[in-house]
Amino acid sequence: MKAIRRFTVRTVVPAQISALTKLATNLRWSWHLPTRTLFESLNPQLWEKSRRNPLAMLAALSREQLQALAQDPDVVSRVAAAESSLDTYLCEPRWYQSLGAEAPACIAYFSPEFGITEVLPQYSGGLGILAGDHLKSASDLGVPLIGVGLLYQAGYFKQSLSRDAWQQESYPLLDPDSLPLTLLREEDGTPALVTLPLPNNRVLHAHIWRADVGRVPLLLLDSNVAANDDAARGVTDRLYGGGGDHRLTQELLLGMGGVKALRTYARLTGTAAPEVFHTNEGHAGFLGIERVRELMDPAITEQPLSWGEALAAGRASTVFTTHTPVPAGIDRFPRSMIEHFFAGALAPGVPVSEILALGAENYDGGDPAVFNMAVMGLRLAQRANGVAKLHGVVSRGMFSGLWPGFEQQDVPIISVTNGVHVPTWVDPQLAALAKERFGAEVLDGPDWSKVYDVSDEEVWALRRRLRSALVDDARARLRSSWKKRGAADAQLAWTDSALDPDVLTIGFARRVPTYKRLTLMLRDPARLKALLLHPEHPIQIIIAGKSHPADDAGKKMIQDLVQFTDDPEVRHRIIFLPNYDIAMARTLFPGCDVWLNNPLRPLEACGTSGMKAAINGSLNLSVMDGWWDEMYDGENGWAIPTANTGAGETERDDIEAAALYELLETQVAPRFYGEVVASAAGAAGASQPHQGALPARWISMIKHTLANLGPAVSADRMVAEYVQRLYQPAAVAGRLARANNYAVTKELAAWTERVRPAWSEVHVEHVDSHGLGDEPQIGESLQVRAHVNLGQLDPNDVHVSVVYGTVDDADDLAQTRSQRLETVQDHGMGRYQFSADLLIDRSGDFGYSVQILPTHGALANPAELGLIRTA
């Protein structure tokens with residue numbers, strides 16, 4: 001008989017150790033090793049059985065066991081110390097508090113997924129893990145962030161394999177009461193509700209659950225509410241699980257509902273309202289529409305703003321981050337669907353035509369029938385960024401249609417390279433070494449350059465321990481996977497000796513879209529097999545990754561790979577582990593000697609998995625894409641050469657696979673095994689194949705990686721960059737926009753409405769110059785005069801500049817600088833002469849041109865409006 005209702009009863013913990021509940025519900029334990037160690041020490045067997053979930057472990061302890069713990073003075077003392085540590089962490093001033101009162105009082109961070117811990121499975125891949133790391137580092141730095149997302153009833157799917165190696169998905173439902181969450185309630189105790197009107201007189205209600213990520217509250221909206229109809233209850237059923245209306249409704253709830261949830265949270269807790277709104281990818285873009293609606297609504301605002309004014313006010317304090325380098329990765333909906341949803345009461349007073357215009361692909365190559373969420377995100381934000389330097393270049397090219405006439409390098413999308421939360425991803429053994437030898441907790445940012453003071457013997461012994469832990473974990477997972485595929489215990493004795501803790505171990509784990517090329521290593525199966533079984537320097541490969549349920553091409557790649565790994569001749573050297581998640585990553589990243597990444601360049605936005613491996617002393621072997629393109633230095637790993645851009649798909653993959661094999665055969669494996677010097681003492685625990693000798697060059701690369709990449713790939717560095725380059729300027733712009741009853745905003749909106757239609761008349765009539773001799777030399781000056789027609793505009797509306805630099809045979813400028821033409825002469829009828837003296841600062845072929853941009857003090861960037869005129 002099946003239960004008709006299911007609920008979780010939480011444990012009542014004795015008063016002496018009641019702080020255990022507080023410690024278990026603040027997710028700081030997921031990255032704070034002393035707190036995790038405390039929970040584990042209470043009952044090591046139950047800790048493992050509960051899958052290292054403090055709440056689940058507390059729930060599984062009997063009343064007698066809890067009473068026994070409460071009577072143990074040592075336990076009581078350690079619980080009190082852990083509570084004191086948490087209280088200090090939550091209250092003490094940190095880096096952000098040193099910035100002063102001008103720093104934003106509150107920042108809202110919206111994302112469709114958050115990967116914080118496997119206990120809260122609300123993530124699918126890199127976007128969610130990045131969002132989780134962003135929240136953790138914001139907490140460590142004291143940044144007053146509030147996360148906003150959705151609570152998915154089944155999270156992302158659990159992956160298993162069929163007998164013929166085809167990916168299978170299952171969606172076990174989650175009970176919010178068993179998770180480290182608290183339901184937000186009104187003062188009378190009833191659950192707080194967010195409400196969105198839907199077409200056909202339907203209403204979507206959502207509860208608000210709060211997770212505490214250290215100092216950062218994370219608000220998760222849940223549509224599984226009794227007041228909803230069946231379709232509405234299923235809106236938050238699973239992450240990325242639906243399409244069409246379902247997906248759009250999810251994103252409306254995330255964006256518009258998320259803003260409503262923030263307002264409710266501020267009302268109930270007294271928390272400051274966000275000064276900055278950060279849209280992490282386009283999924284949450286509708287938050288901008290809700291903010292516009294608020295500013296236009298007379299029931300909310302005493303003096304409601306017009307559409308143009310509200311748009312300008314919202315844009316000023318909004319930051320948009322794009323994560324995809326491929327148009328196929330962007331959510332796009334039929335325009336008719338957007339019109340259908342907004343035709344009713346969803347955003348009353350907001351012109352539907354203006355909403356449609358925000359997501360319109362009204363540029364060369366665009367599809368006029370679709371509504372593009374990333375395009376809307378860019379148009380609703382005054383500041384935007386990509387997530388690596390190369391990704392910034394790609395993004396400026398991909399979205400250049402929004403800024404017609406601009407050079408790609410002038411498209412206003414900057415780069416903030418992603419980072420990883422070091423305390424989460426560094427192995428406890430390495431963290432203990434840092435504390436012992438560097439004199440600081442990992443959380444406190446030790447000086448990783450001190451790794452050079454650690455002996456080669458210690459480094460090599462640590463690397464072997466990490467590799468051995470991975471081998472043990474991988475064997476257990478491998479056996480479990482084969483059993484789920486139908487194998488009997490009697491057939492699985494071989495799994496006990498699969499992998500070898502003394503063999504060079506390569507890791508490859510990530511989502512499995514086709515561009516990440518999971519099966520590139522299979523281009524020449526015989527050559528791969530020879531690498532795996534090499535008599536002197538073999539390799540072993542551990543692979544993991546999920547394909548989207550609707551991506552049959554990705555599933556076929558997994559099937560092809562797994563069928564290769566099933567071969568009895570090599571199955572002890574290459575394995576695929578299903579259900580890649582944070583728990584698996586915890587041993588996979590530290591245990592691998594080399595982290596492999598071979599996407600199609602430049603389709604990897606950042607690729608932070610390689611960063612997580614690097615902070616554990618693993619070396620990267622990667623195509624020059626994402627973060628590796630800017631941080632590879634020749635001593636922290638290897639760069640896989642890429643084919644000429646003119647090569648066809650098959651030829652390209654053949655060339656790049658051959659380059660990968662060549663590196664493994666001639667550089668990576670020989671260096672791991674062969675380039676050795678005799679160890680003075682032979683280090684206990686050193687790798688047996690080296691027989692007391694250590695691979696000095698390899699260990700040197702490990703130390704170099706830790707010392708140099710450690711600070712560079714830290715999420716603390718990333719979040720600090722967001723604060724300084726994006727959040728603080730957005731807060732200043734937002735304050736200016738709101739000042740004096742939105743006086744500057746209203747003036748900017750009126751100015752924009754005047755400039756846009758008048759821009760068609762603006763043009764450069766001609767440019768002349770004088771002052772140079774027949775043979776110009778460095779240091780001479782050139783007077784440049786631009787004769788322009790501004791039509792209905794005046795000189796205060798524009799910025800006229802000379803752009804100069806080196807010039808090639810096609811007269812294209814490079815290495816350019818610009819100088820404003822300051823002197824203005826009015827020739828009447830809208831015609832003006834702008835001039836300035838230009839200093840010749842370089843030799844060789846020199847050239848210049850003139851451009852006109854609109855200018856206003858409230859613009860964040862002269863390219864913001866997408867208007868330009870050139871000579």
### Summary
By side-chain hydrogen bond (donor to acceptor under 3.5 Å, both in side chains), Thr279 pairs with (sequence neighbours left out) none
#### Entry: Which residues share a side-chain hydrogen bond (donor to acceptor under 3.5 Å, both in side chains) with Tyr848, sequence neighbours left out
Ser769
### For Ala310, all residues meeting side chain to side chain contact (heavy atoms under 4.5 Å, CB included), sequence neighbours excluded
Val292, Leu295, Met296, Leu305
### Task
Please name the pair of heavy atoms, one in Gln728 and one in Pro104, separated by the smallest distance, quoted to 0.1 Å.
CG-CD, 4.0 Å
### Message
Regarding Arg247 and Glu251, does a basic nitrogen lie under 4.0 Å from an acidic carboxylate oxygen?
### Response
yes
## Note on the structure
Nearest heavy-atom approach of Tyr96 to Ala103 is OH-CB, 3.3 Å
### Message
Please enumerate all residues that pass side chain to side chain contact (heavy atoms under 4.5 Å, CB included) together with Thr301, with sequence neighbours excluded.
### Response
none
### Message
Before you tell me yes or no, could you show the steps for Met631 and Val713 under side-chain contact (heavy atoms from CB on, under 4.5 Å), namely the whole-Å CA-CA distance, both residues' side-chain angles and the distance that decides it to 0.1 Å?
### Response
CA-CA 9 Å; Met631 296 191 190; Val713 302; 3.7 Å; yes
### Sidechain N-carboxylate O distance under 4.0 Å for Asp629, Lys389
no
### Summary
Trp751 meets the ring-ring contact (aromatic ring centres under 6.0 Å, His included) criterion, sequence neighbours left out, with His856
Please tabulate, for side-chain N and O atoms in residues 409-419, each donor-acceptor pair with protein atoms closer than 3.5 Å (sequence neighbours left out).
unit_1	atom_1	unit_2	atom_2	d
Ser415	OG	Ala388	O	3.1
Thr417	OG1	Glu630	OE1	3.2
Thr417	OG1	Glu630	OE2	2.8

#### Entry: Non-neighbouring partners of His766 that pass ring-ring contact (aromatic ring centres under 6.0 Å, His included), sequence neighbours left out
His787
### Query
With sequence neighbours left out, which residue pairs that include part of residues 821-835 fulfil the side-chain hydrogen bond (donor to acceptor under 3.5 Å, both in side chains) condition?
Glu765-Arg831
### Query
Does the pair Glu275/Arg738 count as a salt bridge with the N-to-O cut at 4.0 Å?
yes
### Query
Excluding sequence neighbours, so at least two apart, what forms ring-ring contact (aromatic ring centres under 6.0 Å, His included) with Tyr742?
none
### Task
Would you check if there is a donor-acceptor pair between the side chains of Asn385 and Thr321 at a distance under 3.5 Å?
yes
### Task
Identify the heavy atoms of Pro112 and Leu127 that sit nearest to each other, and give their distance.
CG-CD2, 3.8 Å
### Task
First locate atom CZ of Phe342, then atom OG of Ser353, and finally report the distance between them rounded to the nearest 0.5 Å.
12.5 Å
### Task
Hey, could you give me each pair passing side-chain hydrogen bond (donor to acceptor under 3.5 Å, both in side chains) that has a residue in residues 356-374? Not counting sequence neighbours.
Arg332-Glu361, Glu361-Asn372, Asn362-Arg379
#### Entry: Note: Glu294-Arg291 ion pair, threshold 4.0 Å (strictly below)
no
### side-chain hydrogen bond (donor to acceptor under 3.5 Å, both in side chains) partners for Arg517, two or more places apart
Asp653, Glu656
### Criterion side-chain contact (heavy atoms from CB on, under 4.5 Å) on Arg383 and Phe320, from CA distance to verdict
CA-CA 6 Å; Arg383 290 163 179 82; Phe320 177 76; over 6 Å; no
### Query
Counting only heavy atoms not in Gln792, do more than 12 fall under 6.0 Å of its CD?
no
### Criterion side-chain contact (heavy atoms from CB on, under 4.5 Å) on Val370 and Arg335, from CA distance to verdict
CA-CA 5 Å; Val370 303; Arg335 280 173 58 90; 5.7 Å; no
### Task
Mind running side-chain contact (heavy atoms from CB on, under 4.5 Å) on Leu867 and Leu853 for me, showing each step along the way?
CA-CA 6 Å; Leu867 302 175; Leu853 296 167; over 6 Å; no
#### Entry: Trace of the ring-ring contact (aromatic ring centres under 6.0 Å, His included) decision for His278 with Phe110
CA-CA 6 Å; His278 185 172; Phe110 285 66; 9.7 Å; no
### Query
Can you tell me if His323 and Glu281 form a side-chain donor-acceptor pair at under 3.5 Å?
no
### Query
Taking only residues at least two apart or on different chains, which pairs with a member in residues 847-867 satisfy salt bridge (charged side-chain N to carboxylate O under 4.0 Å, His left out)?
Arg315-Glu864
#### Entry: Distance-only polar pair, side chains of Tyr109 and Asn280, donor-acceptor under 3.5 Å
yes
